[in-house]
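Structure, as structure tokens:
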Amino acid sequence: MNPATDIPLNDQSESKPLNFIHQIIEDDNAIGKFQKRVHTRFPPEPNGYLHIGHAKSILLNYGTAVKYNGKFNLRFDDTNPIKEEDEYVQSIIEDVKWLGADFEDRLLYGSDYFQKMYEYAIQLIQKGKAYVCDLSAEEIRNTRGSLTEAGTESPYRNICNRSINVNLIQFQLMKAGKFPDGSKTLRAKIDMASPNLNMRDPIMYRILHADHHRTGAEWCIYPMYDWAHGLEDSIEGITHSLCTLEFEDHRPLYDWFLDELGAYHSQQIEFSRLNLSYTVMSKRRLLELVQKKYVNGWDDPRMPTISGMRRRGYTSEAIRNFTERIGVAKRDSTVDVALLEFSVREHLNKIAPRYMGILNPLKVIIDNYPDDQEEFLEAINNPEDESAGTRKVPFSKEIYIEAEDFMEAPPKKFYRLAPGTEVRLRYAYFVTCTNIVKDDRGNIIEIHCTYDPATRGGDSPDGRRVKGTIHWVSARHAKTAEVRLYDRLFTAENPAGEKYLEYLNPESLKILKNCHIEPALFENATPGLRFQFERLGYFCVDPDTNDNKLVINRTVTLRDTWAKIAGKQAR
RNA sequence: UGGGGUGUCGUCCAACGGCAGGACAUGCGGCUCUGGACCGUAGGAUCGGGGUUCGAAUCCCUGCACCCCAGCCA
């Protein structure tokens with residue numbers, strides 16, 4: 001700490017340019033606005049699971065609070081009982097915590113302020129700035145005007161028709177449940193001719209005889225977003241109220257309410273939401289994918305949800321690094337999913353222990369290896385982390401290798417096993433392919449090799465070199481696992497529009513039931529374990545795992561240079 | 001055609017009147033018991049047209065393109 005400022009010195013703020021929001025904050029602090037206080041919040045509606053776009057917002061809000069030694073609230077914006085559920089509240093709390101955004105004891109609910117909001121509404125009515133309107137939903141729509149034409153005033157708008165006292169009584173009767181749903185609203189009296197549609201006497205309260213997940217049947221009038229949100233920020237003393245671009249048009253209304261009430265006034269700042277290539281990010285569409293079973297729930301590893309990514313094996317640190325890299329701005333943008341995957345690989349490379357596992361097995365018999373012999377060869381657990389140590393991997397006469405690592409007629413630059421070629425079995429021996437066994441239809445069933453005993457451990461005493469090193473698992477010692485391979489959910493870079501379902505990737509999930517893994521992994525395999533299958537990618541143990549079945553998810557593949565070369569050769 | 005926003009490498013973000021830079025992606029090379037990781041290297045951008053200025057991505061004018069808004073959703 002710097003004793004003069006109490007600000008942590010470890011951040012890189014001098015070296016990195018400020019994003020535009022932090023620039024605003026520093027300008028604010030320079031003139032002493034908010035007494036140099038910074039207090040942010042993440043205000044989700046509990047009507048769905050959080051996705052990576054929310055992660056951007058959470059980490060921006062939390063990171064901003066940390067950077068300026070401020071506070072961060074988690075506040076549920078739960079003003080619409082029809083759409084909201086406790087299940088969503090619980091999942092959101094879990095996700096925010098998992099991301100590392102610490103809201104301390106400030107787990108808050110907009111619904112806790114309903115009484116206060118009600119009292120504020122009475123204040124506005126008393127000021128002559130709000131009125132009860134009997135127009136139906138359709139009538140309100142018809143009198144709102146259009147983008148280019150002014151609206152017309154409600155007949156209930158003017159005090160000549162309805163005195164302040166009558167409005168007050170009507171509003172109290174609304175709250176008391178005397179009217180059916182949709183029969184009346186409380187509206188702000190602003191300007192039906194405003195070019196900003198949000199200012200055309202916006203609705204503050206609607207009647208909804210619905211049970212709320214927290215307040216039950218206590219209320220039958222519920223505040224609208226524009227009315228509620230600024231008050232929630234105000235009540236909590238939020239300084240910088242960060243939201244996405246589509247609320248820019250709402251800022252004049254946000255300001256109007258707070259100014260008319262003379263209430264504490266936080267500053268709304270808008271930034272552009274995150275779009276990611278090859279996926280969809282709207283709650284509506286994610287809900288549809290879940291409800292129509294295109295995926296297996298909100299936490300399906302193909303989903304861009306926080307819970308899906310967690311199940312897929314992504315780390316919160318990787319997601320944090322990703323959101324750092326993408327920055328914050330106001331222009332519409334679609335981030336390449338490759339950047340996310342890079343962040344995931346980068347972190348997993350440092351922390352994931354390595355194991356060997358065979359996804360598509362091909363049996364290899366080492367003819368000159370003694371039938372009953374077995375030995376245990378030393379393997380490095382993580383070349384990026386010496387403290388991860390080593391382990392012993394069993395070896396025997398019959399092993400499995402990856403079917404893709406053998407070709408009868410190899411193309412140029414294929415550095416793997418082929419008739420007559422020698423490769424290294426990782427941490428084991430050099431082997432040379434001597435024979436191929438096929439079935440009646442010509443499919444390769446197994447291959448035969450000879451090994452060089454002098455190369456034990458993988459080094460040749462005579463200094464001869466091999467181009468390729470492949471992974472393997474001893475057949476006798478192998479354990480079986482189900483491996484789920486995930487690919488992008490959509491085939492289109494931007495699956496936009498109403499026909500987005502047409503771009504669903506039919507190959508986004510492939511289940512391999514006969515995978516062979518080394519015993520050390522089997523012993524350590526508890527759900528959530530993240531590891532690398534050497535040469536294949538990063539994987540994790542899925543919670544579907546039980547005593548009878550080990551289920552493994554592929555998180556992300558390793559960069560595959562050979563696939564690129566092979567792809568070019570095919571073209 | 002009202003109002004509010006936004007235009008910089010393929011993508012995302014910087015440059016705050018003074019050499020357009022970084023990351024990812026891509027190409028090439030090196031290294032390697034993971035064709036991984038890592039290292040090096042190359043190509044690649046200021047929406048158009050005017051103007052101000054010694055000097056413009058940045059300021060002014062003028063076009064153009066894209067996004068958002070007519071829920072008793074948030």
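Quick note on labels: first sequence line is chain A, next is B, and so on, each numbered from 1.
- Proximity of A:Lys467 to the phosphate of B:U32: no side-chain N or O atom is located under 4.0 Å from OP1 or OP2.
- Looking at A:Glu384, its side chain comes within 3.5 Å of the base of B:G36 through a donor and an acceptor atom.
- Residue A:Trp562 and nucleotide B:G35 are classified as a stacked aromatic pair, their ring centres being separated by less than 5.5 Å at an interplanar angle below 30°.
- At the phosphate of B:A37, neither OP1 nor OP2 sits under 4.0 Å from any side-chain N or O atom of A:Arg345.
- Comment: A:Glu378 does not engage A:Arg391 in a salt bridge, judged by the lack of any side-chain N to carboxylate O separation of less than 4.0 angstrom.
- Side-chain N/O atoms of A:Arg535 include one lying less than 4.0 angstrom from OP1 or OP2 on B:G35.
- Spacing between atom OH of A:Tyr278 and atom P of B:C12 amounts to 14 Å, rounded to whole angstrom units.
- Of the listed nucleotides (B:C72, B:G2, B:G7), B:G7 has the atom at the smallest distance from the side chain of A:Arg331.
- Counting any heavy atom pair closer than 4.0 Å across all strands shown, A:Thr334 reaches sugar-phosphate atoms only and no base atom.
- Using C1' as the reference atom, B:G36 and B:G18 are 44 Å apart when rounded to the nearest Å.
- We find that A:Glu45 and A:Lys83 are not joined by a salt bridge, their nearest charged nitrogen and carboxylate oxygen being 4.0 Å or further apart.
- Between A:Glu324 and A:Lys16, at least one side-chain N (NZ, or NE/NH1/NH2) sits under 4.0 Å from a carboxylate O, which counts as a salt bridge.
- Heavy atoms of A:Glu248 sit under 4.0 angstrom from primed sugar atoms or phosphate atoms, though from no base atom.
- Spacing between B:G29 and B:A20 at atom P, rounded to whole Å, works out to 31 Å.
- In this structure, A:Arg488 satisfies the cation-pi test against A:Tyr278, with its NZ or CZ atom closer than 6.0 Å to the six-membered ring centre and inside 45 degrees of the ring normal.
- In B:G21 the base sits anti relative to the sugar, since the glycosidic angle is further than 90° from 0.
- Atom pair A:Arg273:CZ and B:C12:P shows a separation of 16 Å (rounding to whole Å applied).
- A perpendicular orientation is assigned to the rings of A:Phe257 and A:Trp227, their planes being inclined by more than 60° (bins at 30° and 60°).
- Considering only side-chain atoms of A:Pro383, the nucleotide from B:C13, B:A74, B:G36 that sits closest is B:G36.
- In this structure, A:Arg285 forms a cation-pi arrangement with A:Tyr500, its terminal cationic atom sitting closer than 6.0 Å to the ring centre and no more than 45° off the ring axis.
- A:Thr421 contributes no side-chain N or O that, together with a main-chain N or O of A:Leu417, makes up a donor-acceptor pair within less than 3.5 Å.
- Ion pair A:Arg144/A:Asp201 not flagged as a salt bridge, since none of the NZ, NE, NH1 or NH2 atoms sits closer than 4.0 Å to an Asp/Glu carboxylate oxygen.
- Spacing of P atoms, B:C59 relative to B:G5, comes out at 16 Å, to the nearest Å.
- One atom, NE2 of A:His250, and another, P of B:C68, lie 13 Å apart when rounded to the nearest Å.
- Contact annotation: A:Thr561 reaches the phosphate of B:G36 (side-chain N/O to OP1 or OP2, under 4.0 Å).
- With B:G35, B:G10, B:G3 as the choices, the nucleotide that has an atom nearest any side-chain atom of A:Pro195 turns out to be B:G3.
- As judged by a 4.0 angstrom heavy-atom cut-off over every strand, A:Phe414 is placed among the base-contacting residues.
- For the OP1/OP2 pair of B:U26 and a distance below 4.0 Å, the side-chain nitrogens and oxygens of A:Lys564 include at least one atom meeting the criterion.
- Picking from B:A74, B:A14, B:A70 the nucleotide with the shortest atom distance to the side chain of A:Leu147 gives B:A70.
- At a threshold of 4.0 Å, the pair A:Asp86-A:Arg214 does not count as salt-bridged, since none of the basic side-chain nitrogens sits closer than that to a carboxylate oxygen.
- Counting any heavy atom pair closer than 4.0 Å across all strands shown, A:Ile140 reaches a base atom.
- Across all strands, A:Ala329 comes closer than 4.0 Å only to sugar-phosphate atoms, never to a base (heavy-atom distances).
- Going from the C1' atom of B:C73 to that of B:C68 covers 16 Å, rounded to whole Å.
- Taking side-chain N and O atoms only, A:Arg284 has no distance below 4.0 Å to OP1 or OP2 of B:C73.
- Residues of residues 74-88 of chain A having a heavy atom closer than 4.0 Å to RNA chain B, listed by number: A:Asp77, A:Thr79, A:Asn80, A:Lys83.
- A gap of 16 Å separates the P atoms of B:C60 and B:U53, to the nearest Å.
- OP1 or OP2 of B:A74 has at least one side-chain nitrogen or oxygen of A:Arg206 nearer than 4.0 Å.
- Remark: the A:Arg416 side chain and the B:G35 base include a donor-acceptor N/O pair separated by less than 3.5 Å.
- Between A:Arg354 and A:Asp385 there is no salt bridge, since no side-chain nitrogen of the basic residue lies less than 4.0 Å from a carboxylate oxygen of the acidic one.
- Looking at heavy-atom distances under 4.0 Å, A:Gln23 makes contact with a base.
- Annotation: B:A25 and B:G17 have their P atoms spaced 34 Å apart (nearest Å).
- Listed pair A:Lys330 / B:C66 fails the phosphate criterion, with no side-chain N or O lying under 4.0 Å from OP1 or OP2.
- Residue A:Arg325 has no polar side-chain atom (N or O) positioned under 4.0 Å from OP1 or OP2 of B:A25.
- As rounded to whole Å, 15 Å separates atom P of B:A74 from atom CD of A:Gln268.
- Among the nucleotides B:C12, B:G4, B:C16, the one closest to the side chain of A:Ile326 is B:C12.
- For B:G7 and B:A57, the C1' atoms lie 11 Å apart once the distance is rounded to whole Å.
- No donor-acceptor distance shorter than 3.5 angstrom exists from the side chain of A:Gln532 to the backbone of A:Phe539, with no hydrogens or angles considered.
- Taking atom C1' in both B:U1 and B:U11, one finds a spacing of 34 Å when rounded to whole Å.
- Two residues, A:Pro223 and A:Lys413, neighbour RNA chain B, and the one matched to the more 5' nucleotide by heavy-atom proximity is A:Lys413.
- Looking at heavy-atom distances under 4.0 Å, A:Arg559 makes contact with sugar-phosphate atoms alone, never a base.
- Note on A:Leu339: only backbone sugar-phosphate atoms sit closer than 4.0 angstrom, heavy atoms only; bases stay farther off.
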Secondary-structure string, 5' to 3', Watson-Crick or G-U under 3.5 Å, | for another-strand partners, for RNA chain B = .((((((..((((....[..)))).(((((.......)))))....(((((..]....))))))))))).....
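- Residue A:Arg144 places at least one side-chain N or O under 4.0 Å from the OP1 or OP2 atom of B:C72.
- A salt bridge links A:Lys330 to A:Glu248: at least one charged side-chain nitrogen sits closer than 4.0 Å to a carboxylate oxygen.
- Taking atom CG of residue A:Asn198 and atom P of nucleotide B:C68, one finds them 15 Å apart after rounding to whole Å.
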request  = Assess whether side chain to side chain donor-acceptor pair (under 3.5 Å) is satisfied between A:Gln170 and A:Gln172, documenting all intermediate values.
outcome  = CA-CA 5 Å; A:Gln170 289 280 311; A:Gln172 282 157 2; over 6 Å; no
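- Relative to the six-membered ring of A:Tyr118, A:Lys175 meets both conditions, a distance below 6.0 Å and an angle of at most 45° to the axis.
- Remark: C1' of B:A70 and CZ of A:Arg200 are 7 Å apart, rounded to the nearest angstrom.
- Taking atom CD of residue A:Glu341 and atom P of nucleotide B:U11, one finds them 18 Å apart after rounding to whole Å.
- Checked by distance alone, A:Asp249 brings a side-chain donor or acceptor within 3.5 Å of a matching partner on the base of B:G3.
- The distance from atom CG of A:Leu231 to atom C1' of B:A74 is 15 Å, rounded to the nearest whole Å.
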